[in-house]
There are 2 protein chains.
Amino acid sequence: MTKKELILQVATVFFSKNGYFETPMSDLSKKTGVAESTIFYHFKSKENLFIAILERVKDDIIKEFEGYMTEKEFDSGLDMVEVAVSFYLYLAGKMENQFLLLHRHYPYKLAEINPVCRAHLESIYDCLVDIFERGVLLGQKDGSIGNMPTRKVALIIFSMVDGISRFKTYNLYDAGALYNQLIESCRRILKNDKSE
Amino acid sequence: MTKKELILQVATVFFSKNGYFETPMSDLSKKTGVAESTIFYHFKSKENLFIAILERVKDDIIKEFEGYMTEKEFDSGLDMVEVAVSFYLYLAGKMENQFLLLHRHYPYKLAEINPVCRAHLESIYDCLVDIFERGVLLGQKDGSIGNMPTRKVALIIFSMVDGISRFKTYNLYDAGALYNQLIESCRRILKNDKSE
DNA sequence: ATACTGACTGAGTGATCAGTCAGTATTTAA
DNA sequence: TTAAATACTGACTGATCACTCAGTCAGTAT
């Protein structure tokens, strides 16, 4: 592994676990065994290092999600939404550090002054909400989901799932124990009353 | 207003708007017009100042919520949950800074090593989720809400509402535009299918 | 052999940080 | 009036921060 790659990986863990301002460059230097000045050689500044990490987080999450959802086949639109919800929770566990980074406040603060950061964040959220929305649209066509504003209901499903995954991040409640109830709640929100 | 009170109010805004590590004590000194050492005289340390702020946030939120919910009368348990959801969104707007503070990562990080901090956070979340749960329980008695695990469904409603209010915090989406769909989603989640 | 390049480093630097402290003002109480 | 307690402050400190820079070194093209 190149030193640049090593720095990226170690910094991802530190920035997510401890936070951006709480991790001095000296910590990254110590943990990687790379000189502090080498980090600046590769990334120019601390903020730039963060952007590089965020870009990789974006690429990884989108690749994982799009990859899984496109190769899978679904019984119905409702099924697709349920699969997306499950996969979101699975991914939040598998890519714990990357999701933790997105659950912190710093990226959104930086996004206010750094357009590249803002673009990365928007890409991630657009990708995720789009997948839920595509499921809703499909479900409305095949009759498994009722007639309701697609984007709005996709956002609500997303905020519900993300909120549950946040419980785990913050050590507040056990997200796994809520899984069945979460899926049941999605079904109830999306159910098509008019058919049958 | 006493200087101690002034420090508390200014620090609340700075810690929520800019973050804990991003606000040096010198900024608080400048904004309040109080000497930096005076802040340490009253609060001993920066961390202690934060705890004092969090305690006030806890008291304010619980007072507002319990006060509003106990004096109000409800048509049904379902109505009570809907009122709680609406009031939560209203309060997140009215007490923007206090809620923003709770949407940051620092309190939860501090809670891992500071038991007083952890206790305050737990008080806040217990109070909020309890109110939703009381509504669900009431609804299950009066038949307006179906038979489902009360605590779990209360947590799901809470995570959904909190997620929506977070959209506003992060400038991602317009929370107000989702209000109607949110209430509708709550009704669908809680609906009693078996009656009538 | 020479010239050049990119990767890398140790030794700094000025700025900024939270916190201290000796001393001064103000209030309170006897 | 005075003594004690409380409120407050400016000047300081040592630690830590992100970042710089002159220079080393291995590889590579000419």
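The figures that follow rest on heavy atoms only: side chains count, while hydrogens, waters and symmetry mates do not. Letters go in sequence order (proteins before strands), and every chain restarts at 1. Quantities reported herein were computed from a predicted structural model and do not represent experimental measurements.
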query = Can you tell me how far C1' of C:dC8 sits from CZ of A:Phe43, to the nearest Å?
reply = 14 Å
remark   = In whole angstroms, the gap separating P of D:dC21 from NZ of A:Lys44 amounts to 13 Å
message = Using whole Å, what does the distance between atom P of nucleotide C:dT16 and atom CD of B:Glu22 come to?
response = 16 Å
message = For DNA chain D, report each stem as range with range, ordered by first number, or say none. Use Watson-Crick or G-U wobble pairs under 3.5 Å, at least 3 in a row.
response = C:1-30 with D:1-30
note = Protein-proximity profile, nucleotides 3-11 of chain D, B/S/- by nucleotide at the 4.0 Å heavy-atom cutoff, equals ---SBBBB-
request  = Side-chain contact test, heavy atoms from C-beta onward, threshold under 4.5 Å: evaluate it for B:Lys168 versus B:Asp174 and give yes or no.
outcome  = no
message = Can you pull out the residues from residues 45-53 of chain B that lie within a 4.0 Å heavy-atom distance of DNA chain D?
response = none
task = Return the value, rounded to whole Å, for the distance between atom CZ of A:Phe21 and atom P of D:dA18.
result = 10 Å
Note: B:Lys31-B:Asp27 ion pair, threshold 4.0 Å (strictly below) = no
ask   = Taking atom types as modelled, is there a side-chain donor on B:Tyr108 or A:Thr169 under 3.5 Å from an acceptor on the other?
value = no
Nearest-angstrom distance from the residue atom CZ of A:Phe40 to C1' of C:dA11 = 15 Å
task = Using a strict 4.0 Å threshold on nitrogen-to-oxygen distance, state whether B:Asp130 and B:Arg151 make a salt bridge.
result = yes
task = Taking B:Lys3 for its side chain and B:Val34 for its backbone only, find out whether a donor-acceptor pair lies under 3.5 Å.
result = no
task = Report the distance from atom CE of A:Met25 to atom C1' of D:dT20, rounded to the nearest whole Å.
result = 13 Å
request  = Would you confirm whether A:Arg118, through its side chain, and A:Glu112, through its main-chain N or O, come within 3.5 Å as a donor-acceptor pair?
outcome  = no
Pair A:Asp60 + A:Arg56: basic N to acidic O under 4.0 Å = no
task = May I ask you to say whether B:Arg134 pairs ionically with B:Glu66, meaning some side-chain N is under 4.0 Å from a carboxylate O?
result = yes
query = When the ring centroid of B:Phe99 is compared with that of B:Tyr88, is the distance short of 6.0 Å?
reply = yes
task = Indicate yes or no for a side-chain donor-acceptor contact from B:Arg104 to the backbone of B:Lys17 under 3.5 Å, with no hydrogens or angles considered.
result = yes
request  = Would you verify whether the NZ or CZ of A:Lys46 falls within 45 degrees of the ring axis of A:Tyr20 while also being under 6.0 Å from that six-membered ring's centre?
outcome  = yes
request  = Under 4.0 Å between any heavy atoms, over every strand shown, what does B:Thr23 touch: base, sugar-phosphate, or nothing? Just pick one.
outcome  = sugar-phosphate
